[in-house]
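Note that the coordinates shown come from a computational prediction; the quantities given were computed from them, not determined experimentally.
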Protein chains: 2
Amino acid sequence: MLNSSEKVNLSHIVSDRIKEYILEKDMREGDKLPSEKQLIDALGVSRTVVREALKSMEMLGIVKIKTGDGIYVGGPSLKPILEQVSFRWQQDERKMTELVKTRRILELGAVEMAIEHYDVACLDQMDEWNRRMAEKVDRGLPPIEEDLAFHETLFRATGNETYLELSGLISDFFLKIRTQHFDSVESSRKSVDEHQNVTDAIRAKDVARAKREMEIHLAPLQKFI
Amino acid sequence: MLNSSEKVNLSHIVSDRIKEYILEKDMREGDKLPSEKQLIDALGVSRTVVREALKSMEMLGIVKIKTGDGIYVGGPSLKPILEQVSFRWQQDERKMTELVKTRRILELGAVEMAIEHYDVACLDQMDEWNRRMAEKVDRGLPPIEEDLAFHETLFRATGNETYLELSGLISDFFLKIRTQHFDSVESSRKSVDEHQNVTDAIRAKDVARAKREMEIHLAPLQKFI
DNA sequence: TTGATTAAGTGGTCTGACCATTAGCGAAGC
DNA sequence: GCTTCGCTAATGGTCAGACCACTTAATCAA
C-alpha cells in the first residue's frame, strides 16, 4: 500500500517520522528531541540516514542542532523559505523596481499594524534610533545602520513576527541604495524629520496621516529607480 | 563582534558553495551538477559532508537527486518547502493570527498594484476562475483550487514577480483552511460574489472601493481564528 | 563554597565497504 | 536497418566503525 508505489529515501521517511513525533508529543520551540543514538535505535536505521534527515530539517529551521548538547525543536519561521526565495535575487538590478513597490506596501502595512498593536517600547526605540541617526548626520556620516534599525523596529512594532521576517528580507536589499541616498546631508536631515513625522502620527494613532507621512518618506526611493 | 566567526559546520559551507556554483554558472532548472565524487574532490571534504549538504538542498527543492543518474538543479517552486515547514504552523495560534494579518496587507496591496498596473488579460482570467468557481459550487463541490487560482491571478495582475512569489507563499498556506471555509454552499456563493465585486472595482479603477470589497472578502478569515 | 579537573554524552567528520538504480552501449534478434 | 535485450560503468543509497570537538555535569581540590 504505502510502501509499494512511492520510492522514497529513508531520509525522507525518517524526517517525516520525526515530524510526526514532534506533533504527537506536542513539542514546542526549545524542547529537546531524542539524541542521534536514540533515534537510530528507535527507528532501526543507520546513523547516516538519521543525520541526513536531521541536517535537512535543520536547514528548514524545524530543528536546531547543538554540538555536544543535543537536538532541539526550532521555532516557526519563514526565514529558511525566504532565504531560498532571495537565493535567486542576487545582484539582479532589474528586480529593484519590484522590490521598491513591494517594500512600499509592506511599510504602509507596518504603519497600520503598528498603530493597531501599539507597542510603546518599540515606538520609544524608534525615537532612539532616529536620535542616533540625527547625531550621525551632524557628524557628516551616512546613517545607514540607524536608518535600517529604525525601519526594522517599525516592523517589530507590529508585534507580528512573520511580518517582521518578510519585511526584513526586503528591506535588507536596500542597503546599497541607502548608501547613495544619504550622500547629501540635506537628504539625510530630511529623512530624520520624516521619520519623526511618521512616529508622531503613529503615536497619535492617526492611520491616514501616518501612511501619508510614510508615503512622503518613501517617495524619493520610487524616483531613484 | 559581528564577524566573530559564526561556528558553521562544513555542510553549510558546502551548501553555500554549491549555491554559488549554480549562480556563477547561471544554471537553470534541469541542468546537471557535478557528481558527488567530483564535488568531494573539488571541495576537499568527505562524502558525508557533501551528502548532507545535498540532502538538505534536496529537501529545500534547490536540487533534485536522481539515483544512479546524477544531481540536477531544481525548480523555483516554493510549495515543497512550505509543505515541509508549515506542518506545525496550524497548531500555533499566534502564527496563524500573524499569517492572516500579513495576508490581509498583501491582498490589499495587490488590489492597489493591480489597478496601477491594469493587466486586462489577468483581470479576464480572474473572471474566468470565478466563473469556474461558481460552476463547482453549483455542483456542490468545494472550489478550493479555483479560489486559490483567483487570488494567485490577482497577485499576477500586479505585474510584480517578487510580490507574486511572496504573496503566493503566504496564500498557499491557507489551502487547508479553505477546505473548512467552503463547507457550506452559502459561504461559497458569498465568496464568488465577493470576488466579482473585487474585480468589478478593479476594472473601475476605484482603489478605495476595491480595497473595501477585499476587506469584506477577508473578514470571515479574521474571525475564523 | 568555589574553582578547576575530569569523565561521559553528544554531535561533526572521515573512511571504506557494499547494495540499488540508472544511463549508455554493444550484441543479438527481428 | 531497426529494435530489443543484457551487460557494464557510473552514480546515488545505506551501512558500520572510528576518531575528533564540543558541552555538560559530576568530581575533586583549594
Side-chain angles (χ1 to χ4, degrees), chain A residues 2-19 21-22 25 27 29-75 80, chain B residues 1 4-19 21-22 25 27 29-75 80 84:
Chain A
L2 296 174
N3 49 6
S4 63
S5 57
E6 296 252 350
K7 47 174 185 179
V8 193
N9 291 332
L10 275 180
S11 315
H12 289 181
I13 298 176
V14 168
S15 171
D16 287 340
R17 293 288 284 275
I18 295 174
K19 284 196 277 183
Y21 182 88
I22 294 174
K25 298 261 181 176
M27 302 180 84
E29 177 171 7
D31 289 350
K32 195 167 188 175
L33 283 163
S35 69
E36 281 187 0
K37 179 91 177 66
Q38 290 171 311
L39 289 173
I40 292 167
D41 295 340
L43 299 172
V45 294
S46 73
R47 196 184 171 193
T48 310
V49 171
V50 171
R51 280 192 56 77
E52 284 178 358
L54 288 173
K55 258 281 149 34
S56 302
M57 297 174 78
E58 190 199 21
M59 287 257 187
L60 291 164
I62 299 173
V63 300
K64 211 180 323 178
I65 303 176
K66 294 186 181 178
T67 305
D69 186 357
I71 306 154
Y72 297 83
V73 176
Chain B
M1 49 167 28
S4 78
S5 57
E6 293 214 3
K7 37 183 171 180
V8 196
N9 27 32
L10 278 179
S11 314
H12 288 177
I13 298 175
V14 168
S15 171
D16 286 341
R17 292 288 284 277
I18 296 175
K19 283 196 267 186
Y21 181 88
I22 294 174
K25 297 263 181 176
M27 302 180 83
E29 178 173 4
D31 290 349
K32 195 166 187 176
L33 282 163
S35 68
E36 280 187 3
K37 180 90 178 67
Q38 291 171 310
L39 289 172
I40 292 168
D41 295 339
L43 299 171
V45 293
S46 73
R47 194 184 173 195
T48 310
V49 171
V50 171
R51 278 193 57 77
E52 283 178 359
L54 288 173
K55 257 282 151 27
S56 302
M57 296 173 77
E58 190 200 22
M59 287 252 187
L60 290 164
I62 300 174
V63 300
K64 209 179 326 178
I65 302 176
K66 293 187 182 179
T67 306
D69 185 358
I71 306 155
Y72 297 83
V73 176
Q84 292 290 321

Which listed nucleotide (D/dT14, D/dG12, C/dC14) is nearest to the side chain of B/E36?
->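 Of all the options, the side chain of B/E36 is nearest to D/dG12.
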Looking at every strand, decide which applies to A/S35 at a 4.0 Å heavy-atom threshold: base, sugar-phosphate, or nothing.
->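 Contact class for A/S35: sugar-phosphate only.
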When rounded to the nearest 0.5 angstrom, what is the spacing between CG in A/D31 and CD1 in A/I22?
->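 It is 9.5 Å, given to the nearest 0.5 Å.
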With rounding to the nearest 0.5 Å, note down the distance linking CG in B/L43 to CD1 in B/I18.
->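 If I round to the nearest 0.5 Å, the distance is 6.5 Å.
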B/R51 side-chain N/O to D/dG13 phosphate OP1/OP2 under 4.0 Å |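 For B/R51, the contact criterion (side-chain N or O under 4.0 Å from OP1 or OP2 of D/dG13) is met.
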Are any of the side-chain heavy atoms of A/K55 and B/M59 separated by less than 4.5 Å?
->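 A side-chain contact under 4.5 Å is absent here.
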Name the residue closer to the 5' end of DNA chain D, choosing between A/V45 and B/L54 according to the nucleotide with the nearest heavy atom.
->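 Result: B/L54.
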Return yes if the base of D/dT14 and the side-chain atoms of A/R47 contain a donor-acceptor N/O pair under 3.5 Å, otherwise no.
->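 Counting by modelled atom types and ignoring angles, no donor-acceptor contact under 3.5 Å is found here.
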Over how many whole Å does the gap from B/K55 atom NZ to C/dG12 atom P extend?
->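 To the nearest whole Å, that distance equals 17 Å.
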NZ of A/K37 versus P of D/dA18: gap in Å, rounded?
->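 Value for this atom pair: 14 Å.
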Report the distance from atom OH of B/Y72 to atom C1' of D/dT11, rounded to the nearest whole Å.
->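 Computing the B/Y72:OH to D/dT11:C1' distance gives 10 Å.
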For A/I40 and C/dG9, give me the distance from atom CD1 to atom P, rounded to whole Å.
->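 The distance from CD1 of A/I40 to P of C/dG9 comes to 15 Å, rounded to the nearest Å.
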Measure the NZ-NZ distance between B/K32 and B/K66 for me, rounded to the nearest 0.5 Å.
->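 Between B/K32 NZ and B/K66 NZ, I get 9.5 Å after rounding to 0.5 Å.
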In whole angstrom, give the distance that lies between atom CD of B/E52 and atom C1' of C/dT13.
->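 Those two atoms, CD and C1', are 9 Å apart.
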When all nucleic acid strands are considered with a 4.0 Å heavy-atom cut-off, which category describes B/I71: base, sugar-phosphate, or nothing?
->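 Sugar-phosphate: the residue B/I71, judged by heavy atoms under 4.0 Å, touches backbone atoms but no base.
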Report the distance from atom CG of B/N9 to atom CD of B/E52, rounding to the nearest 0.5 Å.
->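 Those atoms lie 8.0 Å apart.
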Check DNA chain C against residues 62-69 of chain A and give the residues with a non-hydrogen atom under 4.0 Å, in numerical order.
->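 The answer is A/I65, A/K66, A/T67, A/G68, A/D69.
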The side chain of A/V49 lies closest to which of these nucleotides: C/dG11, C/dC14, D/dC15?
->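 The answer is D/dC15.
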Would you mind reading off the distance between B/H12 atom NE2 and C/dT13 atom C1', rounded to a whole angstrom?
->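 Atom-to-atom, B/H12 to C/dT13, this comes out as 14 Å.
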Measuring from B/D16:CG to B/M57:CE, what's the distance to the nearest 0.5 Å?
->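 Here the rounded value is 8.5 Å.
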Heavy atoms under 4.0 Å, any strand shown: does B/L10 hit a base, just sugar-phosphate, or nothing?
->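 Counting heavy atoms under 4.0 Å across all strands, the contact made by B/L10 is with sugar-phosphate only.
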Please report, rounded to the nearest Å, how far the P atom of D/dT11 is from the CG atom of A/N9.
->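 It is 18 Å, rounded to the nearest whole Å.
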